[in-house]
Amino acid sequence: MRTIKFLLQKEFRQIFRNRAILAMVMVMPVMQLLILPLAANYEVKNVNIAVIDNDHSSYSQKLISKITASGYFKLTGYDFSFKEAFKLIESDKADLILEIPHGFERNLVREDEQKLFIAVNAINGTKANLGGVYLTGIIKNFNADVRVQLVQPGKFNQQPTITIASSNWFNPYLNYHVFMVPGILAILVTMIGGFLTALNIVKEKEVGTIEQINVTPIKKHHFILGKLIPFWILGNVVFTLGLIVSWLIYGITPLGNILLLYAFIAVYLLAISGFGLLISTFCDTQQQAMFVMFFFMMVFILMGGLFTSIDSMPDWAKFVTKFNPVAYLIDVMRMIVLKGSGFKDIAKQLGTIGLFAVVLNSWAIINYKKTS
């Protein structure tokens with residue numbers, strides 16, 4: 001313990017000596033947590049639409065007004081030919097084209113049916129798909145309103161109907177901040193715990209102080225612990241700041257036991273810091289360590305379930321996510337913060353992360369070559 005104490009004193013002096021890095025560690029995660037949830041929005045709004053109104057009737061005008069009043073669409077073209085409207089798609093000024101045919105109102109009133117043509121710019125698949133779904137839903141609502149106006153109540157078939165009463169659990173108002181903030185906080189904790197430890201031993205190699213450490217009687221596990229504990233503490237500090245920002249700015253408070261959340265974070269930081277130290281033992285320069293860590297971090301983030309649901313991934317990707325620690329943290333963060341899950345609910349994830357921590361730190365201790 002006395003040896004580890006001296007190592008920790010050395011590490012903390014190095015950390016506090018570089019005030020710029022310390023400020024970045026404390027300020028940057030807070031700023032990112034303030035900005036990223038505002039930009040990472042799953043809602044698709046301001047879909048540009050061009051309308052070709054060949055009918056110019058009262059019904060066609062009502063339909064166009066209903067579309068623009070929905071808040072999802074922005075009318076960027078009101079053209080008289082498909083060729084002119086298609087030029088807007090080619091110049092990325094329109095995402096959808098709605099063509100209303102001649103006799104739209106007449107056929108709807110007399111023949112009880114009318115077809116509309118929708119052309120979608122599918123370069124952005126997500127925006128095209130959601131934009132098409134929104135537009136189809138608005139047209140269906142318009143059709144239902146027209147049907148109520150045209151058909152007398154007595155002419156409706158008196159048949160049993162099913163009434164649906166729905167409720168939204170864990171996120172009653174469908175606020176995307178509630179879904180995104182815990183995931184983004186998980187990513188920030190991962191970056192602090194992973195990147196800083198990945199650069200730690202490599203920095204000693206570049207400066208040359210590693211040679212002085214190697215000739216001392218310090219044992220390898222003491223050295224690794226001395227490198228790991230300071231950034232484990234910093235990771236917990238960043239996590240605490242993130243919880244405070246989530247509460248003050250977004251009004252998010254954990255529904256579950258906050259001590260259980262900290263217990264999982266403590267084990268998780270041991271795992272991700274051990275992974276960073278393992279990379280640091282393989283690399284000789286900070287540039288190498290940054291590139292290797294950046295590669296793994298991109299995989300962790302994109303396959304962690306933050307932006308893409310793991311359930312919708314192919315089978316091989318689902319198998320890869322079993323070795324992704326970020327996926328377990330994001331899952332547990334949402335379970336405890338949003339659902340109020342208890343220890344039994346996260347026991348499997350906690351056991352897996354604990355296994356990661358043991359394996360990665362043991363591997364880092366074995367791989368660190370101490371020569372004297």
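When a residue number appears, it is its place in the shown sequence, counting from 1. Predicted, not measured: the structure shown is a model, and the values here were computed from it. Worth knowing before you read on, the calculation uses all heavy atoms, side chains too, and leaves out hydrogens, waters and symmetry mates.
- Counting only N and O atoms by type, the side chains of Y262 and N236 include no donor and acceptor under 3.5 Å apart.
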Next on the checklist: Quick one, I265 with L329, criterion side-chain contact (heavy atoms from CB on, under 4.5 Å). Give me CA distance, side-chain angles, the key distance, then yes/no.
Outcome noted: CA-CA 8 Å; I265 288 293; L329 178 58; 3.5 Å; yes
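- In this structure, Y328 contributes its side chain and K322 its backbone to a donor-acceptor pair below 3.5 Å.
- Under a 3.5 Å cut-off, the side chain of K339 and the backbone N or O of R334 do not form any donor-acceptor pair.
- Without hydrogens or angle criteria, D95 side chain to N48 main chain gives a donor-acceptor distance under 3.5 Å.
- Between F356 and F275, the distance separating the two ring centers is not shorter than 6.0 angstrom.
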Item to check | Worked check of side-chain contact (heavy atoms from CB on, under 4.5 Å) between V337 and I252 | outcome: CA-CA 8 Å; V337 174; I252 300 174; 3.7 Å; yes
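- Note that OG of S273 is 11.0 Å distant from CD1 of I233, once rounded to the nearest 0.5 Å.
- Between F264 and Y268, the two ring planes are parallel [angle under 30°; tilted spans 30° to 60°].
- Side chain of N107 to main chain of G103: a donor-acceptor pair is present (N/O by atom type, distance under 3.5 Å, no hydrogens or angles).
- Two different hydrophobic clusters hold L350 and L355 under the rule that ILVMFWY side chains link at heavy-atom gaps under 4.5 Å.
- From L88, atom CG reaches atom NZ of K93 across 7.0 Å, with rounding to the nearest 0.5 Å.
- Of the possible polar contacts, one joining the N361 side chain to the L270 backbone as a donor-acceptor pair under 3.5 Å is found.
- Atom CD1 of I49 and atom CD1 of I138 lie 8.0 Å apart (nearest 0.5 Å).
- At a cut-off of 3.5 Å, with distance as the only test, no side-chain donor of S60 or D55 sits close to an acceptor on the other residue.
- Residue N257 holds its CG atom at 11.5 Å from CZ of F343, rounded to the nearest 0.5 Å.
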